[in-house]
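Worksheet: the structure to be examined is printed underneath.
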Amino acid sequence: MYTLLIGLLFGVITGYLGFLIYPSYVLASLTFIAGVLLFNFFMGRYFMKKLTEVFNSIEKDIKAGKADIAIEKLKTGYKYSKWQFLVKEQIDSQIGIILYANKRFDEALPYLKKSLKSNWMAMSMLAAYYYRQKDYANMKAVMEKASKANKKDSFTQCLYAYFLSETGDVDGAIAVLAKAMKKLPSDERLQNASDALKNRKKIKMQAYNTLWLQLHLAKMPEGIKQYQTLIGRQKITRR
């Protein structure tokens, strides 16, 4: 990426200048490293701000049901992908979420496949897509990655357990919940899900309200809008 390459050049320059001031290879190495880190830090903050502006610009369009306009606005952020790592993946995650939330499942698939593992909602939607298609192997593979990358996200952990239990692996589901409760000991939803399975009952994902409904695995009540609660909980990753 351009930022890294320019950062390395900046580091070489600062290292060289440091060597001219005080001829020491140790000092030159330290100033080189400092130059690279400082340049990438400030440039990273700059592009994170730009990406945040792109994400924020679509809120009104989403609320107005103008998904295609929102997607086109998001795609304008692709230009930053040459400068910063993970930009394209974050934009693709968001596009996939919008398409899936609007029941455009097949259109969403290629974008969701390119999502970051840490984007719990994009990964949940991708797993839900495979679940709907009865492709349980891919569903489990996706949720395994999402579970490891989002160990403290209650919804991700409970959804994984739900999918496992619904496909016959109740013991596996209980194990997932037990592991999750070590990270989230005060989460009653996880405890209730575990108790339900141990009593041979189904997990009630309705405890997660609209997060669960966005997956379109249950009937959406009237008055609930697609994607209405997701924007605020999406995190932008910088590397």
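Everything numeric in this text was worked out from a predicted model, so none of it was measured.
- If you check the side chains of Asp135 and Asn138, you find a donor sitting under 3.5 Å from an acceptor.
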Dump the intermediate steps for side-chain hydrogen bond (donor to acceptor under 3.5 Å, both in side chains) on Tyr129 and Asp106, then the final yes or no.
-> CA-CA 9 Å; Tyr129 177 92; Asp106 291 334; 2.9 Å; yes
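- With contacts defined as side-chain heavy-atom distances shorter than 4.5 Å, the pair Lys204/Arg189 does not qualify.
- Looking only at side-chain heavy atoms (C-beta outward), Leu215 and Ser124 come within less than 4.5 Å of each other.
- Among residues two or more places apart in sequence or in another chain, the side chain to side chain contact (heavy atoms under 4.5 Å, CB included) test is passed with Asp169 by Lys140, Leu164, Asp171.
- Side-chain N or O atoms of Gln157 include one that pairs as donor or acceptor with a backbone N or O of Ser147 at under 3.5 Å.
- Taken from CG in Leu99 to CG in Leu112, the straight-line distance is 8.0 Å, to the nearest 0.5 Å.
- Taking 4.5 Å as the limit, some side-chain heavy atom of Ile95 sits within range of a side-chain heavy atom of Lys75.
- Atom CD of Gln206 has more than 12 heavy atoms from other residues, nucleotides or ligands within 6.0 Å.
- Note that Lys114 lies in the cation-pi zone of Tyr111, set by a 6.0 Å cut-off to the ring centre and a 45° limit from the axis.
- Taking all atoms of both residues into account, the shortest heavy-atom contact from Val54 to Gly77 is CG2-CA, 4.4 Å.
- Asp68 and Arg104 are joined by a salt bridge, as a carboxylate oxygen and a charged side-chain nitrogen come within less than 4.0 angstrom of each other.
- Between Phe155 and Tyr208, the ring planes are perpendicular. Angles over 60° get that label, and only those under 30° would be called parallel.
- Aromatic ring orientation, Trp212 versus Tyr162: perpendicular (interplanar angle above 60°, classes split at 30° and 60°).
- Under a hydrophobic-cluster definition in which Ile, Leu, Val, Met, Phe, Trp and Tyr are linked whenever side-chain heavy atoms come within less than 4.5 Å, directly or via other members, Ile62 and Ile69 are assigned to different clusters.
- Here the straight-line distance linking atom CG of Leu177 with atom SG of Cys158 works out to 5.5 Å at 0.5 Å rounding.
- In this structure, Arg132 CZ and Met139 CE are separated by 13.5 Å, a value rounded to the nearest 0.5 Å.
- With sequence neighbours excluded, no residue satisfies side chain to side chain donor-acceptor pair (under 3.5 Å) with Tyr130.
- In the model, Glu107 has no side-chain atom that pairs as donor or acceptor with a side-chain atom of Tyr100 under 3.5 Å.
- With sequence neighbours excluded, no residue satisfies side chain to side chain donor-acceptor pair (under 3.5 Å) with Gln133.
- In this structure, the separation between OH on Tyr160 and OG1 on Thr156 is 12.0 Å, given to the nearest 0.5 Å.
- A distance of 8.5 Å separates CE of Met205 from CG of Leu211, quoted to the nearest 0.5 Å.
- Across every non-hydrogen atom of Asn119 and Ser93, the tightest pair is ND2-CB, 3.4 Å.
- Remark: Met123 CE to Leu116 CG distance equals 9.0 Å, nearest 0.5 Å.
- Across Ser165 and Leu197, no two heavy atoms sit closer than the pair CB-CD2, 3.7 Å.
- At a threshold of 4.5 Å between non-hydrogen side-chain atoms, the residues Gln94 and Gln90 do not count as touching.
- The minimum heavy-atom distance between Ser118 and Asn150, with the atom names listed, is O-OD1, 2.9 Å.
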Full working for salt bridge (charged side-chain N to carboxylate O under 4.0 Å, His left out) between Lys152 and Asp187 = CA-CA 10 Å; Lys152 292 188 176 182; Asp187 195 307; over 6 Å; no
Could you go step by step and tell me if Ile98 and Ile58 meet the side-chain contact (heavy atoms from CB on, under 4.5 Å) rule?
-> CA-CA 11 Å; Ile98 294 172; Ile58 69 170; 4.0 Å; yes
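- Note on ring orientation: taking the six-membered ring where Trp is involved, the planes of Tyr131 and Phe163 are tilted (angle from 30° to 60°).
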